[in-house]
Amino acid sequence: MRLSKMHLRTLREVPSEAEIPSHILLLRTGMIRKLVSGVYGFMPLGYRALQKVEQIIREEMDRTGAQQIHMSAVQPAELWQESGRWYAYGPELWRLKDRNGRDFCLGPTHEEIFTDIVRSEVSSYRQLPMNLYQVQHKYRDEARPRFGLMRSREFIMKDAYSFDRDDEGADASYRAMYDAYRRVFSRLALKFRPVEADSGSIGGSFSHEFMVLAQTGEDTIVSCKECEYAANVERAESLPPAEKDDAEPPAWEEVFTPAQHTVEEVATFLSVEPKNLIKTLLLDVDGKSVAALVRGDRELNEIKVKNYFKAGAVRMATPEEVTAWSGAPVGFAGPVDLKVSAVIADLELAAREGWVTGGNKADTHLINVSLARDCKVTAYADLRSLDANDPCPRCKGSLEFMRGIEVGHVFKLGLKYSESLKAVFLDENGKEQYIVMGCYGIGVSRVVAACIEQNHDESGIMFPPPVAPFEVILANLDTKSEEVSAKAEELYSLLRGQGLDVLLDDREERPGVKFKDADLVGAPMQLVIGAKGLARGIVEAKDRRSGEKRELPLGGFAAAFAAWKQTVYAGWGMA
RNA sequence: CGGAGCGUAGCGCAGCUUGGUAGCGCGCCUGCUUUGGGAGCAGGAUGUCGCAGGUUCGAAUCCUGUCGCUCCGACCA
């Protein structure tokens, strides 16, 4: 592609709406254009990057035997009512009506549609297993779209659905997708981790997320330094302490703690450590009052509470509710004689007795509380978030925390949708069986953003070669010189002959503009040809990632380029 | 949904307090000069000041309403 003929508009200044690097750079390079909040269009450069990602995904999906189809984004409400998600999904489901007032939605995901196809097309065990996928727009009316392509209301997703005769088959399909995802993200030259994850509103029995590692990621993941364990903190399991201290404390008594609300304040006031306190958090779980107890130095993980109750919605109680349930202002709730429908305690709290708790009375705490003796604890469960001192739940090794961007998610769904939508087949014995399902998504547009998030510097994007809209940018610094231009054209067709995507900067611009734009748009390999270099018989080459420059001789250029290309790719961990 | 902020040229912004000719930088167009890290000079084009209503002789500016956008939080494969 010749830059003089390509529509490219780069911005010098940072658009005020963008905060994070990928959003800023996608706008500055003119790769995307916002239409309205959370809805973006792709311009030539951006669309090329998107297609590169898509192509790699398609190749790896096809390799597993999955078949690409294309369903509409518009979906009839009936199917969603049948699965129950029309009511369960909430305002994020983008609903619309046709002229006759019939309900539809724009698909946020396609379990219903794919299950519907399969239940009408598949009737025999001979047709299974089957895996269908598509690359298509998804719509989620996000409460707060943000960060450009990271969290948009319309986005591009590859979604695949597997259909198997039994659980073993479904596990094999899941494994095949998991492996395919590893290959996809490896081929994209991204640093990523597959982690154990919460299965959220898609449902199902287990799932893994694929996280691209980046500081600006919205998720936190824990990863064991010694074994393979890695999980989203939302889901990472905590181990109860090994030792147990059953010594029964003396009877509890009230202590006066005027205006001491927080754990820190109370601990300091009573000269005890925060880990000797119990934090009593009051929650509304699907409309029921619940108290969740964790050690004073721990953080409650609301997702674990939600999963424990298999609840739809969990929220912190309002100050009014706290007062109504505990009889005291915020900061003094405790588990002794608390009027709530359930009290659940973190596993760790079973390990010892003699706690400091809130007194359910203003300015009052209790000491020497025994959960077993003094409180009605409904159940003990893993409720807290891990912290840096926690051991790995698998091997007890040490954990590290990092930020990640979720670019892929694989779920084993089991019978969730086949039961609600009655997707069945006849087995060898002529008996009707439910199809066992899995579903697998990759946020294609988010991958492009994540890739930039992981690979950029002050000057612009550093695209990994497999994602780069162009692998090489060839800048002709002297477009008015016939010799230089002839040489540039010669190199341009030579490189294209090698199957590379090359962008020839043949604009009548000053060198500085060309250098800045080359760095900004982030082609992994930059070549510069100008009168000076030509006189010396060389082309300058710059590795965008490392910044390393070298001179390639025009005599024997092809060999010198091949060697250089190899070092550039090696820098990306590519063969 | 709660809190905060912002809507003025393609982009970044000033002007609003104290009402009176709509501005600056970048970008864009023309010409000349320039040409190895976002050139210089000269000339030029581009605005329903988000929208609607109100106050006023007169509103970008004051008042009311409304829409949009962004950030923090809540929420979220």
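The sequence lines fix the lettering, A, B, ..., with proteins before strands; numbering per chain opens at 1.
Closest to the R146(A) side chain, of the nucleotides A39(B), U34(B), A74(B), is A74(B). Listed nucleotides G36(B), U70(B), C11(B) differ in distance to S37(A); the shortest reach to its side chain belongs to U70(B). When the nucleotides C72(B), G38(B), G27(B) are ranked by their closest atom to the side chain of R9(A), G27(B) comes out on top. The nucleotide whose nearest atom lies closest to any side-chain atom of E13(A) is, among G12(B), U34(B), C71(B), G12(B).
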F210(A) and H409(A): ring pair (Phe, Tyr, Trp, His ring centres under 6.0 Å), yes or no, with the steps?
-> CA-CA 6 Å; F210(A) 286 76; H409(A) 204 157; 9.0 Å; no
Take F163(A) and F114(A) through the test ring pair (Phe, Tyr, Trp, His ring centres under 6.0 Å) and record every step on the way to the result.
-> CA-CA 10 Å; F163(A) 303 89; F114(A) 276 66; 7.4 Å; no
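Look at the P atom in both G50(B) and C13(B): the space between them is 15 Å, to the nearest Å. Distance noted for atom C1' between C1(B) and G19(B): 38 Å (whole Å). Rounded to whole Å, the separation between the P atoms of A42(B) and C24(B) comes to 14 Å. Spacing of P atoms, G2(B) relative to C51(B), comes out at 26 Å, to the nearest Å. Rounded to the nearest Å, the gap between the C1' atom of C67(B) and that of U48(B) is 16 Å. Rounded to whole Å, the separation between the P atoms of U56(B) and C28(B) comes to 47 Å. Taking atom P in both G10(B) and C71(B), one finds a spacing of 22 Å when rounded to whole Å. Nucleotides A22(B) and C26(B) are separated by 23 Å at their P atoms, to the nearest Å.
Taking the six-membered ring for Trp and thresholds of 30 and 60 degrees, Y40(A) and H23(A) have ring planes more than 60 degrees apart, a perpendicular arrangement. Ring orientation note: the planes of H208(A) and Y174(A) are tilted relative to one another, at an angle of 30° to 60°. Relative ring orientation between F192(A) and F185(A) is described as tilted, the plane-to-plane angle lying within the 30° to 60° band.
The residue R446(A) sits apart from the nucleic acid: no heavy atom pair falls under 4.0 Å. K158(A) comes within contact range of no nucleotide atom at all, as no heavy-atom separation falls under 4.0 Å. The residue K532(A) sits close to a base: some heavy atom pair falls under 4.0 Å. At a threshold of 4.0 angstrom between heavy atoms, the contacts of E302(A) are confined to the sugar-phosphate backbone, with no base atom among them. Heavy atoms of F210(A) sit nowhere under 4.0 angstrom from any nucleic acid atom.
Side-chain N/O atoms of E299(A) and S385(A) include no donor and acceptor closer than 3.5 Å. Side-chain contact check for E419(A) and Y434(A): no donor-acceptor pair (N or O, by modelled atom type) lies under 3.5 Å.
For R510(A) against U34(B), a side-chain-to-base donor-acceptor contact under 3.5 Å is present. Checked by distance alone, R151(A) brings a side-chain donor or acceptor within 3.5 Å of a matching partner on the base of C76(B). On a pure distance criterion of 3.5 Å, no polar donor-acceptor pair joins the side chain of E509(A) and the base of G38(B).
The nearest heavy atom of RNA chain B to H23(A) and to E540(A) marks one nucleotide each, and the one closer to the 5' end goes with E540(A). Residue whose closest nucleotide on RNA chain B sits further toward the 5' end, between T10(A) and R153(A): T10(A).
The phosphate of C76(B) (OP1 or OP2) has a side-chain N or O of K306(A) nearer than 4.0 angstrom. For C71(B), the OP1/OP2 oxygens have a side-chain nitrogen or oxygen of R144(A) closer than 4.0 Å. Residue R12(A) places no side-chain N or O under 4.0 Å from the OP1 or OP2 atom of G25(B). Between S16(A) and U70(B) there is no side-chain polar atom (N or O) within less than 4.0 angstrom of OP1 or OP2. Not one side-chain nitrogen or oxygen of K542(A) sits closer than 4.0 Å to the OP1 or OP2 atom of G37(B).
For U30(B), the paired nucleotide is A42(B), the pair qualifying as Watson-Crick or G-U wobble because both relevant distances are below 3.5 Å. Judged by Watson-Crick or G-U wobble contacts below 3.5 Å, the nucleotide G7(B) has C67(B) as its partner.
For the pair I405(A) CD1 and C76(B) C1', the interatomic distance rounds to 16 Å; values are reported in whole Å.
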